[in-house]
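Worksheet: the structure to be examined is printed underneath.
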Amino acid sequence: MQTIFDTIKKVAIKIDYAIKTEDLGYSDSSNSSGEEQLKLDVKSDYIIEEAFKDVAIVKALVSEEKEGVLALNPKGKYTVCYDPLDGSSLADVNLSVGSIFGIYEGELIGENLVASAYVVYGPRVELVIATKDSKPQHYRANGDLFNFISEITLDEKGKLNAPGGTQQNWSDYHKTFIDSLFQEGYRLRYSGGMVPDLHQILLKGGGIFSYPGTSDKPQGKLRQLFEVIPFAFIYEQAGGQAVNHEGLPLTRLIPSHPHDTSSCFFGSNYEINAMKSAYGIKS
Ligand code: AHG
Ligand code: MN
Ligand code: MN
C-alpha cells in the first residue's frame with residue numbers, strides 16, 4: 001500500500017507542475033459524464049496512468065476521464081479509482097483544484113474501499129491520506145517531499161456551510177435546511193471545488209458540504225467511486241459522517257457503473273444529524 005501512496009506523492013508533484021505551466025484550454029473530447037475535457041484533465045489522467053502502470057500491486061484503474069476499467073497488472077490486489085483533476089475549470093481563474101484517489105480491494109463497492117487520499121493544489125500542495133486504522137494524515141509538499149503536519153479530527157459541530165448545486169433546482173426541504181443553518185450563524189464557504197471545500201471543513205474543525213439530488217440532476221452530480229466514497233471514508237475516519245439523502249453512509253454505496261453519481265452530505269456529527277432530521281430520516 002505504501003507504494004501506492006508514494007506514487008500518489010510523485011504524481012501530485014507532476015500534476016502541480018502541469019497546472020502551473022501548461023495550456024488551460026479545452027481538448028476536443030468529452031468524458032463519460034458528457035463533460036468537455038480540458039487539456040489539463042487529459043494530461044493529469046495520463047500522468048497518473050503512466051505512474052501506476054509500474055506498480056505491481058495495482059490490478060486496474062478507474063478514472064473520471066476514462067470510459068471503463070483499465071486492466072493493469074493481473075497479479076495486483078488493488079484497483080485505484082481516481083478523479084485526476086477535480087474542479088479543473090477553476091484552474092484558469094487560479095482557484096484551488098485537487099486530485100482524489102479511492103483504493104479498493106475486490107469488487108468496486110464502498111465497503112471494499114481500504115484507503116483514500118486527496119491532493120489540494122492551492123497556494124501550497126497538500127495531501128491527505130486515510131487508512132482504516134488511523135485518523136487522516138495531513139501532509140504538505142516541500143519541493144518533492146511531503147512533510148507530515150498532523151492528524152485530522154473533526155469537532156462535533158462546526159461553523160461552515162458549503163451548499164452545492166444550483167439553488168433554483170433544490171427541493172423545498174433542502175432549501176429550508178440550508179437556510180436553517182445560515183439562521184444558526186453558519187458561514188458560506190463554497191469555491192466550486194469539492195477538494196478545497198471539503199479540505200477547509202476538515203481543517204477548520206467542521207461544518208457541512210452538501211450536493212443533493214436536484215431537479216436537473218436527481219441522482220446528484222458527484223461520482224461515487226472516485227469522488228464520494230473516498231471523501232466519505234476520510235470524513236468517517238476524522239470522526240464525522242457522510243451520508244446520502246436517505247441517511248445511508250456513503251461508504252456503503254454499491255455503484256452499478258463506474259460513473260454512477262450520488263447525492264452526498266459530508267460533515268461533522270451535529271450538522272449531519274441536523275440534515276437527517278430535516279430530511280425526515282430517523283437516526
Ligand atoms: P470535476 O471538475 O471533476 O468535473 O468536478 C467538479 C465538481 C466538484 O468539485 C464541485 O464540488 C462540483 O463539481 C461543483 O458543482 P456546481 O458548480 O454544480 O456546484
Ligand atoms: Mn470531479
Ligand atoms: Mn475531474
Side-chain angles (χ1 to χ4, degrees), residues 11-12 15-16 18-19 22 24-27 29-49 61-67 80-102 116-122 160-171 174-175 178 188-202 207-232 234-235 242 250 255 258-267:
V11 300
I15 293 173
D16 181 55
I19 294 167
E22 295 213 3
L24 298 176
Y26 281 99
S27 68
S29 51
S30 33
N31 67 18
S32 300
S33 304
E35 299 159 341
E36 275 187 87
Q37 289 172 309
L38 289 166
K39 288 181 190 159
L40 265 185
D41 289 319
V42 177
K43 176 75 188 247
S44 307
D45 187 42
Y46 175 77
I47 291 172
I48 294 172
E49 180 184 328
L61 297 177
V62 174
S63 164
E64 181 179 274
E65 307 303 341
K66 293 186 202 305
E67 185 64 45
V80 179
C81 299
Y82 63 96
D83 180 350
L85 201 57
D86 178 78
S88 51
S89 66
L90 300 172
D92 67 346
V93 290
N94 208 12
L95 283 171
S96 297
V97 294
S99 301
I100 312 167
F101 301 87
S116 56
Y118 66 84
V119 182
V120 194
Y121 310 99
L160 307 183
N161 186 12
T166 307
Q167 297 191 26
Q168 200 185 25
N169 301 328
W170 289 351
S171 65
H174 185 71
K175 230 174 257 175
I178 296 297
L188 175 66
R189 289 292 183 269
Y190 192 75
S191 74
M194 73 181 297
V195 177
D197 289 339
L198 285 164
H199 188 58
Q200 178 167 202
I201 291 171
L202 283 168
I208 184 167
F209 173 100
S210 48
Y211 205 110
T214 52
S215 56
D216 58 334
K217 291 186 182 111
Q219 310 305 323
K221 173 181 185 188
L222 299 175
R223 280 132 304 202
Q224 299 181 24
L225 278 180
F226 37 79
E227 292 177 320
V228 170
I229 298 170
F231 263 113
I234 291 170
Y235 268 65
L250 298 167
H259 297 272
D260 276 357
T261 60
S262 171
S263 60
C264 53
F265 301 81
F266 306 85

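All of these numbers come straight from a predicted model, not from anything done at the bench. Every number for a ligand or one of its atoms is a count from 1 in the order of the listing. What you see below is based on every heavy atom in this structure, not just the backbone, and it leaves out hydrogens, waters and symmetry mates.
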(message) Which residues pass the ring pair (Phe, Tyr, Trp, His ring centres under 6.0 Å) test with Phe101, not counting sequence neighbours?
(response)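 Applying ring pair (Phe, Tyr, Trp, His ring centres under 6.0 Å) to Phe101 gives none.
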(request) Apply side-chain hydrogen bond (donor to acceptor under 3.5 Å, both in side chains) to the pair Tyr82 and Asp45, showing each step before the final yes or no. (result) CA-CA 9 Å; Tyr82 63 96; Asp45 187 42; 2.6 Å; yes
(message) I'd like to know whether Phe226 forms a ring-ring contact (aromatic ring centres under 6.0 Å, His included) with His259, so could you lay out the CA-CA distance, the side-chain angles of the two residues, the decisive distance to 0.1 Å, and finally the verdict.
(response) CA-CA 9 Å; Phe226 37 79; His259 297 272; 5.6 Å; yes
(message) Between Glu65 and Asn31, does the side-chain hydrogen bond (donor to acceptor under 3.5 Å, both in side chains) criterion hold? Intermediate values first, please.
(response) CA-CA 5 Å; Glu65 307 303 341; Asn31 67 18; 3.3 Å; yes
(message) Whether Glu64 and Arg223 form a salt bridge (side-chain N of Lys/Arg under 4.0 Å from carboxylate O of Asp/Glu) is what I want to check.
(response)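 Counted as a salt bridge, because a side-chain N and a carboxylate O are separated by less than 4.0 Å.
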(message) Between Asp16 and Tyr121 (side chain of the first, backbone of the second, donor and acceptor by atom type, cut-off under 3.5 Å), is there such a pair?
(response)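 No, Asp16 side chain to Tyr121 backbone: no donor-acceptor pair under 3.5 Å.
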(message) Does atom OH (Tyr46) have a neighbourhood of more than 12 heavy atoms from anything else shown, all under 6.0 Å?
(response)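 At most 12 heavy atoms, drawn from other residues, nucleotides or ligands, come within 6.0 Å of this atom.
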(request) Go through the steps to decide whether Lys39 and Glu22 satisfy the test salt bridge (Lys or Arg N to Asp or Glu O under 4.0 Å), and finish with yes or no. (result) CA-CA 8 Å; Lys39 288 181 190 159; Glu22 295 213 3; over 6 Å; no
(message) Inside 2.8 Å of the Mn ion (ligand 2) but strictly below it, how many protein N/O/S atoms are present?
(response)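 Those protein atoms number 3 in total.
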(message) Show me, by chain and number, every protein residue that has a heavy-atom distance under 4.0 Å to ligand 1.
(response)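 The answer is Glu35, Glu64, Asp83, Leu85, Asp86, Gly87, Ser88, Gly165, Tyr190, Gly192, Gly193, Met194, Phe209, Tyr211, Lys221, Leu222, Arg223, Glu227, counting any residue whose heavy atom sits under 4.0 Å from ligand 1.
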Side-chain donor-acceptor pairs under 3.5 Å in residues 85-95, sequence neighbours left out?
from, atom 1, to, atom 2, distance (Å)
Asp86, OD2, Met194, N, 3.4
Ser88, OG, Asp41, OD1, 2.8
Ser88, OG, Asp41, OD2, 3.3

